[in-house]
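Small disclaimer: the values here were computed from a predicted structure and weren't measured.
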Amino acid sequence: MDKTTDTAALRIVHQDKLKELQAQQANLKKLQDELNRINAKIEKHEELSAEDTKFMGNLGWITALSVTIASIASSL
């Protein structure tokens with residue numbers, strides 16, 4: 001490969017990673033909104049639904065998602 005091809009390939013990879021990062025950030029925003037909604041329920045001493053409890057149980061993978069997003073962002 002020549003330098004032009006290498007540069008074009010790197011640009012494509014960079015754009016793909018940027019798109020992936022933006023999609024993950026949108027997902028993370030939705031998750032943050034859900035967490036804020038649950039926190040508001042807790043502060044008001046409202047009863048949590050089964051879905052709320054399940055969401056809170058899944059916070060570990062949400063943390064992993066945050067780390068993944070940070071890794072992608074740092075590689076750009």
Side-chain angles (χ1 to χ4, degrees):
M1 285 188 175
D2 61 23
K3 286 186 178 184
T4 304
T5 305
D6 288 345
T7 302
L10 285 173
R11 185 171 288 129
I12 290 169
V13 169
H14 183 266
Q15 289 173 344
D16 288 345
K17 284 188 176 191
L18 183 58
K19 287 178 186 175
E20 181 182 350
L21 176 62
Q22 290 168 337
Q24 293 297 342
Q25 285 176 324
N27 289 337
L28 192 56
K29 172 74 173 112
K30 289 177 189 175
L31 294 171
Q32 183 65 46
D33 291 343
E34 179 67 15
L35 185 57
N36 289 341
R37 186 186 64 76
I38 292 171
N39 282 337
K41 274 185 162 182
I42 291 170
E43 288 177 10
K44 294 177 184 177
H45 303 287
E46 295 178 10
E47 187 173 331
L48 298 178
S49 69
E51 286 184 15
D52 294 340
T53 305
K54 181 179 177 183
F55 178 83
M56 292 175 66
N58 288 327
L59 288 177
W61 73 262
I62 293 171
T63 302
L65 176 63
S66 297
V67 171
T68 301
I69 291 170
S71 298
I72 293 170
S74 69
S75 71
L76 294 177

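With rounding to the nearest 0.5 Å, the separation of OG1 in Thr7 from CD1 in Ile12 is 11.0 Å. The CD atom of Glu46 sits 8.5 Å away from atom CG of Leu48, with the distance rounded to the nearest 0.5 Å. To the nearest 0.5 angstrom, Leu18 atom CG is 8.5 Å from Gln25 atom CD. For the atom pair Gln24 CD and Ser71 OG, the distance stands at 11.5 Å (nearest 0.5 Å). Interatomic distance, CG of Asp16 versus CG of Leu21, reported as 12.5 Å (0.5 Å rounding).
In terms of heavy atoms, Glu47 sits closest to Lys41 at O-NZ, 3.9 Å.
Looking only at atom types and distance, the side chain of Asn39 has no donor-acceptor partner in the side chain of Glu43 under 3.5 Å away.
For Glu34, the side-chain contact (heavy atoms from CB on, under 4.5 Å) partners are Arg37, Ile38, Asp52, Phe55, not counting sequence neighbours.
The side-chain heavy atoms of Asn58 and Lys54, taken from C-beta on, include a pair separated by under 4.5 Å. Looking at Gln15 and Arg11, their side chains come closer than 4.5 Å, going by heavy atoms from C-beta outward.
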